[in-house]
Amino acid sequence: SQQGEEDPQALSIQEGENATMNCSYKTSINNLQWYRQNSGRGLVHLILIRSNEREKHSGRLRVTLDTSKKSSSLLITASRAADTASYFCATAPIIFSGGYNKLIFGAGTRLAVHP
Amino acid sequence: EPEVTQTPSHQVTQMGQEVILRCVPISNHLYFYWYRQILGQKVEFLVSFYNNEISEKSEIFDDQFSVERPDGSNFTLKIRSTKLEDSAMYFCASSERLATGELFFGEGSRLTVL
């Protein structure tokens, strides 16, 4: 089954604007994480939110998690051209022990921030 | 800053050939993963590895794939007989503790099967 489906698939904004990306998932999770990928490069962890948390901040990033709707959002405030990248949500499906042993990534949102 | 390193950065091979992709995870990490990303598409889970054995593998990780941690530092992915559809970017990742969850990714190995 699909996990971590992001929308929109692509987002184009001007510098200084806020960017909001959404993620939906299907199974119970231990946590949800957001990663960033510059073109052709590896993924870089941005932020992790646990299933018992509702909101988390890190610098210009704000993540929310609604486990009843199985959805999350990533907000980047005051965007910069350097924020141009693909952003992926990744979910950690719970296994029998209550832990997890993999992250499942979505297809990502391609963000373009224009100067 | 510690990092995950992968070699080679790019490998071109003929269909049917064996390929070994190598990864050196961060030294105190205990959990290791391989993912792949076909150009422009989603990042797909292949396999997770802990305590010298596979923890979980996906449907993609069939008998043509194997992983090994031969010497306590390297973590390898072997594809026995490559197919055209194996062309992708392969990412190695490691994490220190399962509960904290953050994965550290290498820069990837691009595999091109001709």
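The sequence lines fix the lettering, A, B, ..., with proteins before strands; numbering per chain opens at 1.
By the 4.5 Å heavy-atom criterion applied to side chains, A:Ile104 and B:Phe45 are counted as neighbours. Side-chain contact between A:Val44 and B:Phe104: absent, with no pair of heavy atoms (C-beta onward) separated by less than 4.5 Å. The side-chain heavy atoms of A:Gln37 and B:Phe91, taken from C-beta on, include a pair separated by under 4.5 Å.
Taking a 6.0 Å sphere around CD of A:Gln9, one finds it holds 12 or fewer heavy atoms contributed by other residues, nucleotides or ligands. For B:Asp62, the CG atom is densely surrounded, since the number of other residues' heavy atoms within 6.0 Å is greater than 12. Under a cut-off of 6.0 angstrom, the local environment of CG in B:Leu114 is crowded, with over 12 non-hydrogen atoms contributed by other residues, nucleotides or ligands. Atom NZ of B:Lys57 is surrounded by 12 or fewer heavy atoms from other residues, nucleotides or ligands within 6.0 Å. The neighbour count for A:Arg36 CZ, taken as heavy atoms of other residues, nucleotides or ligands under 6.0 Å away, is above 12.
Taking NZ of A:Lys102 as the start and OG of B:Ser58 as the end, the distance is 7.5 Å to the nearest 0.5 Å. The CD atom of B:Glu102 sits 7.5 Å away from atom CD of A:Gln33, with the distance rounded to the nearest 0.5 Å.
Here the side chain of B:Glu107 pairs no donor or acceptor atom with the backbone of A:Arg41 at under 3.5 angstrom. A donor-acceptor pair is defined here as one N or O able to donate and one able to accept, closer than 3.5 Å; no such pair exists between the side chain of B:Tyr35 and the backbone of A:Phe105.
In the hydrophobic clustering of ILVMFWY residues, with side-chain heavy atoms under 4.5 Å counting as a link, B:Ile54 and B:Tyr31 come out apart.
Using a 4.5 Å cut-off between heavy atoms, B:Gln37 touches chain A through its side chain atoms alone.
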